Amino acid sequence: MSKAFSTDAAAKVNITVNRTGPLVEYERRTAAGELVDGDACQVGTLKELQRLYDEIFESADACGLDRYAVPEKIVRNRWFWSRLMPQSSYAPVKGLYLYGGVGTGKTMLMDLFFDQLPCNWRKKRIHFHDFMLNVHSCLQRHKGVTDPLEVVAGEISDEAILLCLDEFMVTDVADALILNRLFRYLFSNGIILVATSNRAPHNLYEGGLQRDLFLPFIATLKERCVVHEIGSAVDYRKLTSEEQGFYFIGKDLSSLLKEKFQHLISEYIASPQVVEVVMGRTLQVPLGANGCAYFSFEELCEKPLGAADYLGLFKNFHTLALEGVPKFGLHNRTAAYRFVTLVDVMYENRSRLLCTAEGSPQELFENIVTVSDARQMAPRTSSRSRRNDDSDLCVDNELGFAKERTISRLTEMNSKEYLEQHAEEERQLSQELANADAVQA
């Protein structure tokens with residue numbers, strides 16, 4: 001969907017714009033009516049992205065961005081020669097770390113920047129979840145090497161010098177413990193990082209296990225990236241057309257969800273299926289047909305599953321019917337984390353969600369608060385009502401921040417615009433597959 005900007009805000013930009021770049025594309029889309037109702041905060045971020053764009057173009061040769069200008073033999077043997085003659089080659093350009101509240105357009109702005117870069121450049125845009133899963137998978141493949149992390153960093157930088165990571169959020173201790181060494185290798189290999197996050201660098205992995213070992217990464221990040229906050233208070237995802245869509249509130253709605261599921265799979269017969277995920281693992285799908293999968297909440301979020309399982313699921317299915325999403329609190333905090341990850345993966349893959357839930361997206365997370373929120377909560381007038389209300393209160397900084405993103409994404413995924421775009425993408429994909437089959441025939 002188109003994120004919002006304003007023509008008025010654009011008029012305030014007093015900058016000499018090059019012939020290409022994110023600002024030029026922004027002006028084109030604004031003039032075409034594709035981007036509306038924005039604010040100066042996003043324009044300020046665009047100016048930062050344009051500055052980076054210009055600097056990268058000026059230093060493109062020095063950065064080694066053109067994949068066809070680097071001899072294949074040199075690329076293949078870079079790690080081998082680096083072991084014989086260790087040397088650092090930091091990029092002459094600093095990257096950019098964008099952070100701000102949910103729905104402020106961070107992902108869209110980064111994509112606008114990324115899409116304007118030449119196709120022949122060594123560039124990569126990936127969700128942070130996917131990136132770390134790939135890193136851990138590669139580490140397994142290089143087990144037994146003296147320093148597998150250095151090898152993995154070499155492979156990443158051989159593929160891409162400009163690395164764009166969306167939704168940078170560290171919650172896993174295994175990720176936290178390797179990020180500093182990984183990115184020290186990457187930066188010394190010349191990587192330029194562009195990242196988006198809901199959290200400022202100093203708030204990453206706040207309250208996490210062994211955070212003292214993670215702190216050097218924050219220093220490294222600030223050293224190699226310009227940090228820029230998007231200060232907008234507007235959540236543009238919530239400006240979409242709200243409709244009932246496929247989000248049904250209430251209990252005992254299993255028959256309704258199954259009816260909607262059956263309507264989507266049409267004449268196909270749903271049956272249990274198995275999908276492959278990373279490192280040889282598989283995921284059992286209770287019911288699946290015609291690109292649609294059916295799960296209960298317990299089967300998908302109360303079992304030890306993670307981002308890798310959800311990624312494997314949505315490589316095979318474009319629609320999920322999820323039965324019985326509960327309200328979250330202290331008693332099911334782990335399931336809440338999994339649900340947040342599930343929504344992130346679905347949103348990143350532009351998947352469609354049908355679900356029954358105990359409340360609206362906002363109501364699901366009412367009992368999830370940050371430490372700051374908990375301190376500011378006013379005391380109840382009745383000690384008994386306060387004790388009952390607070391018994392399931394979950395004070396968790398990471399989950400408290402992540403819930404706003406999840407609420408925002410659930411709202412957008414239920415909008416008319418999102419569902420229409422999903423239907424159009426599926427129609428185009430079906431047409432392409434039909435054309436391919438006709439050619440083979």
Side-chain angles (χ1 to χ4, degrees), residues 127 129-130 133 137 244-329 331-361 363-365 402 406 409-410 413-414 418-419 422-423 425-426 429-430 433:
H127 193 277
H129 271 318
D130 299 359
L133 285 170
S137 179
Q244 184 182 22
F246 295 114
Y247 190 103
F248 306 103
I249 300 173
K251 296 182 178 180
D252 302 322
L253 296 176
S254 175
S255 58
L256 173 63
L257 188 65
K258 287 177 179 174
E259 178 186 328
K260 298 292 183 181
F261 177 76
Q262 186 61 48
H263 175 74
L264 289 177
I265 65 174
S266 188
E267 73 275 7
Y268 293 86
I269 299 175
S271 61
Q273 298 187 26
V274 178
V275 298
E276 293 185 3
V277 294
V278 296
M279 292 180 270
R281 287 173 34 213
T282 58
L283 176 66
Q284 304 293 323
V285 180
L287 289 174
N290 195 28
C292 303
Y294 193 105
F295 281 85
S296 69
F297 180 84
E298 292 81 2
E299 290 166 324
L300 205 53
C301 296
E302 291 187 0
K303 290 184 177 181
L305 302 176
D309 303 285
Y310 302 146
L311 284 165
L313 177 64
F314 294 107
K315 285 180 180 177
N316 293 271
F317 296 93
H318 56 71
T319 297
L320 169 66
L322 187 63
E323 181 183 336
V325 181
K327 291 184 177 180
F328 299 112
H331 75 286
N332 59 359
R333 176 170 61 177
T334 302
Y337 266 108
R338 292 196 187 103
F339 183 68
V340 166
T341 301
L342 173 66
V343 172
D344 282 345
V345 172
M346 290 193 70
Y347 187 84
E348 185 69 16
N349 285 274
R350 310 307 291 175
S351 303
R352 178 171 53 184
L353 175 67
L354 292 76
C355 75
T356 59
E358 289 187 356
S360 67
E363 291 169 340
L364 295 181
F365 290 92
T406 305
R409 289 183 165 182
L410 284 172
M413 290 166 70
N414 196 48
Y418 185 97
L419 294 172
H422 179 276
E425 289 173 354
E426 290 307 314
L429 180 60
S430 297
L433 292 175

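The model shown is predicted, which means the values in this text are computed figures rather than measured ones.
Residues Leu305 and Val277 have side chains not in contact (no heavy-atom distance under 4.5 Å, counting atoms from C-beta outward). Under the 4.5 Å side-chain criterion, counting only non-hydrogen atoms from C-beta, Phe339 is in contact with Leu410. Residues Leu313 and Val345 fail the side-chain proximity criterion, which asks for heavy atoms closer than 4.5 Å.
In the displayed structure, Lys260 atom NZ is contacted under 6.0 Å by at most 12 heavy atoms of other residues, nucleotides or ligands. The environment of CD in Glu425 is crowded: more than 12 heavy-atom neighbours from other residues, nucleotides or ligands sit within 6.0 Å.
Across Ala289 and Gln273, no two heavy atoms sit closer than the pair N-NE2, 3.8 Å. The shortest non-hydrogen separation linking His422 to His318 is NE2-O, 3.2 Å.
Taking CG of Leu342 as the start and CG of Leu311 as the end, the distance is 10.5 Å to the nearest 0.5 Å. The distance from atom OG1 of Thr356 to atom CG of Leu322, rounded to the nearest 0.5 Å, is 7.0 Å.
Applying the side-chain contact (heavy atoms from CB on, under 4.5 Å) test between Cys292 and each of Leu287, Ile265, Leu320 identifies Ile265 as the sole match. With Tyr294 as the fixed residue, the side-chain hydrogen bond (donor to acceptor under 3.5 Å, both in side chains) test singles out one of Glu323, Glu299, Lys258, Gln262: Glu323.
Aromatic ring orientation, His127 versus His129: parallel (interplanar angle below 30°, classes split at 30° and 60°).
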